[in-house]
Structure formats: structure tokens, C-alpha cells
2 protein chains.
Amino acid sequence: MHYAELIKTIKARREVLQVTQETVAELSGVGLRTLKQFESGKGNPTLLTLQKIADVLGMEVSLTIKNIAPNK
Amino acid sequence: MHYAELIKTIKARREVLQVTQETVAELSGVGLRTLKQFESGKGNPTLLTLQKIADVLGMEVSLTIKNIAPNK
DNA sequence: CTGCATAGTGCATTATATGGCTCTTTTTGG
DNA sequence: CCAAAAAGAGCCATATAATGCACTATGCAG
């Protein structure tokens, strides 16, 4: 997942769950400003920050081998 | 994936590919010191740094919904 | 034991992420 | 159209990630 995709995924997930940035910020312990920056594509969050956010949204950060479509 | 797992995954992947930290650092553009800190569990890398490292190792950072075992 | 390659660490500097406050813009309902 | 809610953005202080350099520790071959 590229940067933009990660953001889209987070935003989409948050919208599906019908929660505001403010709520996610409070529940995750991440500053509202930080979350806003991230979702608006301005930031470069630390892994910890991303994990906190993902966690509240019922998601997790993972590393996968990217050989989904090796030869096409 | 928890923090420690991410690290283990990166280290394991690097070892499978038989590349040194130095090589990964050079190829990814991430400082060797930064990579060493991350692999030794000392850091909290930014998403960008993690992506650069994962990329060189043929991996990618992704967000997944963590409902692997909903009710048990 | 010796030497070499790879990995881990201390220290200092620079760049930047975090986060509170306030204000503006956009979205959502009535 | 209006007002409230939610999202985005500027300013700014503080914490910390990124990085280079030098040194130490570890593992392995001879």
C-alpha cells in the first residue's frame, strides 16, 4: 500500500464506523492535530502513531511480501 | 502485527535475502544508523522510513482489518 | 589467537513529528 | 439560506526521529 492508499484506508474505515476525527483522537491517544494532518496527507506519522490510530479503528499495520502479481 | 513482530519480519526477510543492513540502508536511502536502531528495537520509525526499508526487501506496509478471530 | 565482516551503541546535530490553540473552510441538516 | 458539526490549516513550543562518526561486540574463517 502506498502512502495515499493507507490514508484512504484509514479515512474510509473511520467513515464506515461513523466516528469523527475527534473521537478517534481521543480513543487512540493521538493528538487531534496529528490525526488531521495525517488524514489530509500532510504528515509522516511514526509507526507508533499509525498503530494507535489503526488499533482504534479495528485495524492493524502489517508487512506483507508484495508478490501479489509476479508475472501478470 | 505488533511492533516486535514487524521488526522480526524485517530482520527475517533481510536474512532470507542474504543482504546486510548496510546494503539495505544504501538501497533504501535510509541511514544505516536508523536501520540499525530499528532492527535492534530501539526506534520508532516514521511511516516513510518503514516503507523505504520494506520496499527494498520486496515487502510493503499495509493496513488490515483485524477480525482474524472474531469470536473464537 | 588474529583478522574481517556484520551488527549494536554513545554522542551530538539537524530535521521533523507531535499536539494545543485559534481560525477558516467544507460538509451536513433543517 | 443558515447554523452547527466536522475537517483542514497557521503558528509555535517541545519531543524525538534521522543521521554521521567513532567505538564496541559478536560471529566466523584460517
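A, B, ... follow the sequence lines: proteins, then strands. Residue 1 opens every chain.
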When we call it a touch if two heavy atoms are under 4.0 Å apart, what does K11(B) touch: a base, just sugar-phosphate, or nothing?
->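 If one applies the 4.0 Å heavy-atom cut-off, K11(B) turns out to touch the sugar-phosphate alone, with no base involved.
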
On the nucleotide [N], are OP1 or OP2 found under 4.0 Å from the side-chain N or O atoms that [X] carries?
X      : N       : value
S40(A) : dA7(D)  : no
T49(A) : dT18(C) : yes
Q37(A) : dG8(D)  : no
K42(A) : dA9(D)  : yes
T34(A) : dA17(C) : no
T46(A) : dA17(D) : no
K36(A) : dA9(D)  : no
Q21(A) : dA5(D)  : no

Measure [atom1]/[X] against [atom2]/[N] and give the value in whole Å, please.
X      : N       : atom1 : atom2 : value
R14(A) : dA5(D)  : CZ    : C1'   : 13 Å
N44(A) : dA15(D) : CG    : C1'   : 16 Å
L47(B) : dT16(C) : CG    : P     : 16 Å
L48(B) : dT16(C) : CG    : P     : 11 Å
K52(B) : dA17(D) : NZ    : P     : 16 Å
Q51(B) : dA17(D) : CD    : P     : 17 Å
L32(B) : dT9(C)  : CG    : P     : 13 Å
E26(A) : dA6(D)  : CD    : P     : 11 Å

Will you find, in the side chains of T46(A) and T46(B), an N or O donor that is under 3.5 Å from an N or O acceptor?
->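 Distance-only check fails for T46(A) and T46(B).
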
So how far off straight is the helix from dC1(C)-dG30(D) to dG30(C)-dC1(D), going by the axes through five pairs at either end, to 10°?
->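 Answer rounded to 10°: the end axes differ by 60°.
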
Does L48(B) share a hydrophobic cluster with Y3(B), counting links as ILVMFWY side-chain heavy atoms below 4.5 Å and allowing steps through other members?
->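 No; Y3(B) is not reachable from L48(B) via cluster members.
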
Find out if a path of hydrophobic residues (ILVMFWY) with successive side-chain heavy-atom gaps under 4.5 Å connects V19(B) to I7(B).
->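 As far as the 4.5 Å side-chain criterion goes, I7(B) and V19(B) are connected within one cluster.
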
Return each pair, listed once, that meets salt bridge (charged side-chain N to carboxylate O under 4.0 Å, His left out) where at least one residue sits in residues 37-52 of chain B; pairs must be two or more places apart or across chains.
->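 As it turns out, the salt bridge (charged side-chain N to carboxylate O under 4.0 Å, His left out) pairs with a partner in residues 37-52 of chain B, which skip direct neighbours, are R14(B)-E39(B).
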
Let me know, please, whether E15(B) or R33(B) comes out on the 5' side of the other along DNA chain C by nearest nucleotide.
->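 Its nearest nucleotide lies further toward 5', so the answer is E15(B).
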
Backbone N/O of V30(A) and side chain of S28(A): donor-acceptor pair under 3.5 Å =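 Side chain of S28(A) to backbone of V30(A), a donor-acceptor pair under 3.5 Å: yes, one is there.
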
Check for a donor-acceptor pair, side chain of T49(A) on one end and backbone N or O of P45(A) on the other, with a separation under 3.5 Å.
->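 Flag not set: sc T49(A) to bb P45(A) has no pair under 3.5 Å.
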
Search all heavy atoms of M1(A) against all heavy atoms of L63(B) and return the closest pair with its distance.
->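 Closest approach of M1(A) to L63(B): SD-N, 3.2 Å.
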
Residue pair V61(B) / L47(B): nearest heavy atoms and the distance that separates them =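 Where V61(B) meets L47(B) most closely, the heavy atoms are CG1-CD1, 4.1 Å.
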
